[in-house]
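To start, the structure itself, in structure tokens.
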Amino acid sequence: MGKIINLKNRASFFVKPVSPYDFDSTVFKPSHYPDHLKFYEPGRYWFVLRLGNRVYGIKLVSKGTIRSPKVQVIIFSRTKLSKKELKEVIDEVSYRFEFQKDISGFFKKFKNDKILSSFLKKWYGMHGSCAQDLYGLLMIGIFLQNTVIKRSIQMTDVMLKKYGIKVKFDGKELYYFWKPEEMMKVSEEELRALKVGYRAKLFRKVSETFVKERVDELKLRKLSVQKARKKLLKLYGVGPETARILLTEALHHYEIFDHVAPWQQKIYSRLLFKKTLISPEKIIKYVRKKWGEWANLAANYIFEDVFWQREKGNKIEWLEKEIRR
DNA sequence: CATCAGGGCCCTG
DNA sequence: CAGGGCCCTGAT
């Protein structure tokens, strides 16, 4: 069964992200399905950070504004942090939440864009972010494959409870994923008993690859999108959609927009064309032509907006039909 | 009760 | 490059 880890030691550090930076829309993505990996409330965000063999509880607190952003990073750990360790943690958190990424050019470029400008005003300073590491997000990607969201949630819960770590800090209890070296040793029958179906094979096989081929996230971060994409597609169980998720979220690539999954197709058709169904090719062509090197980020502003509306209680009938939780 | 698609991917021909 | 099959579940 999963380990329980209590983190009592506390260290605090202040970071000033590059302006503009909107804390809430950056850390919390309402289009994502709910899980026990993180906890969000306006101005605050809790999650577990695994770094090598170490585990930290991280609490982010917004202390600034969009134009003059400031984030308090509170690190909970088992033992007192060395200076080096503190720097490693802060650097990793900065990468995952894009504290140092300057996207001001995006706003300048599309300030007067007919479609985008209203969304840019509304969500000014929203960045991409990913609380998980590449392996963790890959697990989520596998949970999403060929099923309905309700089942993805169920599979995530049951797997985290059985193989994940439960981390207690700051009055919260959150989970994080197992290590690949642990998952590769679990039998397929044991996994199938948890009703993850044929995904059992994927978890085992891809975890083994992570260990044996030493898949290095830090190296992947430095590659061009297309090179990284090629490497990711070689992983068993990673196809165009899962690669897209990993490239845009874990590796923070804003330029690619080369794959639209069926459920996204329905949403983009409504939002961009006011039609029920436009072909993926047409959507891709349109988005790329309009927003070029910022295609993914631009589409994201439009996409997340409708989910924020939903989050705030403004239910949109056709969207509810697509989500089906 | 049976059938079927669902926030894909692999394998085969 | 197209199409079948895959775990499981709730919707129809």
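Below, chain A is the first sequence line, B the second, and so on; all start at residue 1.
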Taking only side-chain nitrogens and oxygens of Lys195(A), does any of them come within less than 4.0 Å of OP1 or OP2 of dT9(C)?
yes

Can you measure from CG (Leu220(A)) to NZ (Lys227(A)) and round to the nearest 0.5 angstrom?
12.5 Å

Spacing between Ile149(A) atom CD1 and dC8(C) atom P, to the nearest angstrom
19 Å

Tell me whether the rings of Trp178(A) and Tyr163(A) are parallel (<30°), tilted (30 to 60°) or perpendicular (>60°).
perpendicular

Is a side-chain donor-acceptor pair under 3.5 Å present for Trp291(A) with Tyr301(A)?
no

Contact class for Arg192(A) vs. all strands (heavy atom < 4.0 Å): base, sugar-phosphate, or nothing?
sugar-phosphate

Whole-Å distance between dC8(C) P and Asp157(A) CG?
18 Å

Pro262(A) has its side chain closest, among dG8(B), dC8(C), dG7(B), to dG8(B)

Report the relative orientation of the aromatic rings in Trp308(A) and Trp123(A); use parallel for angles under 30°, tilted for 30 to 60°, perpendicular for over 60°.
parallel

Once you round it to whole Å, what is the distance between P of dG6(B) and OH of Tyr33(A)?
19 Å

Report the distance from atom CD1 of Ile153(A) to atom C1' of dG10(C), rounded to the nearest whole Å.
14 Å

Nucleotide dG7(B), atom C1' - distance to NZ of Lys150(A) in whole Å
16 Å

Using the ring of each side chain (for Trp, its six-membered ring), is Tyr21(A) parallel, tilted or perpendicular to His127(A), with breaks at 30° and 60°?
tilted

Across all strands, who's sitting opposite dG7(B) as a Watson-Crick or G-U wobble pair, both distances under 3.5 Å?
none

Rounded to the Å, how far apart are Asn146(A) CG and dC8(C) P?
13 Å

Can you check the distance between dC7(C) and dT12(B), where both ends of the measurement are the P atom (answer in whole Å)?
15 Å

Where do N or O atoms of nucleotides 9-13 of chain B meet protein N or O atoms at under 3.5 Å, pair by pair?
| residue | atom | partner | partner atom | Å |
| --- | --- | --- | --- | --- |
| dC9(B) | OP1 | Gly239(A) | N | 2.7 |
| dC9(B) | OP1 | Gly239(A) | O | 3.2 |
| dC9(B) | OP1 | Thr242(A) | N | 3.0 |
| dC9(B) | OP1 | Thr242(A) | OG1 | 2.6 |
| dC9(B) | OP2 | Pro240(A) | N | 3.2 |
| dC9(B) | OP2 | Glu241(A) | N | 3.2 |
| dC9(B) | O5' | Gly239(A) | N | 3.4 |
| dC10(B) | OP1 | Gly237(A) | N | 2.8 |

When the distance from CZ of Phe143(A) to P of dT9(C) is rounded to whole Å, what number comes out?
15 Å

When rounded to whole Å, the CZ to P distance for the pair Arg199(A) and dC8(C) reads 10 Å

Between dG7(B) and dC1(C) - C1' atom distance, rounded Å
24 Å

Over 60° means perpendicular and under 30° means parallel, so tell me whether Phe97(A) and Phe47(A) are parallel, tilted or perpendicular.
tilted

Hey, what's the ring geometry for Trp294(A) with Phe106(A), parallel, tilted or perpendicular (30° and 60° as the breaks)?
tilted

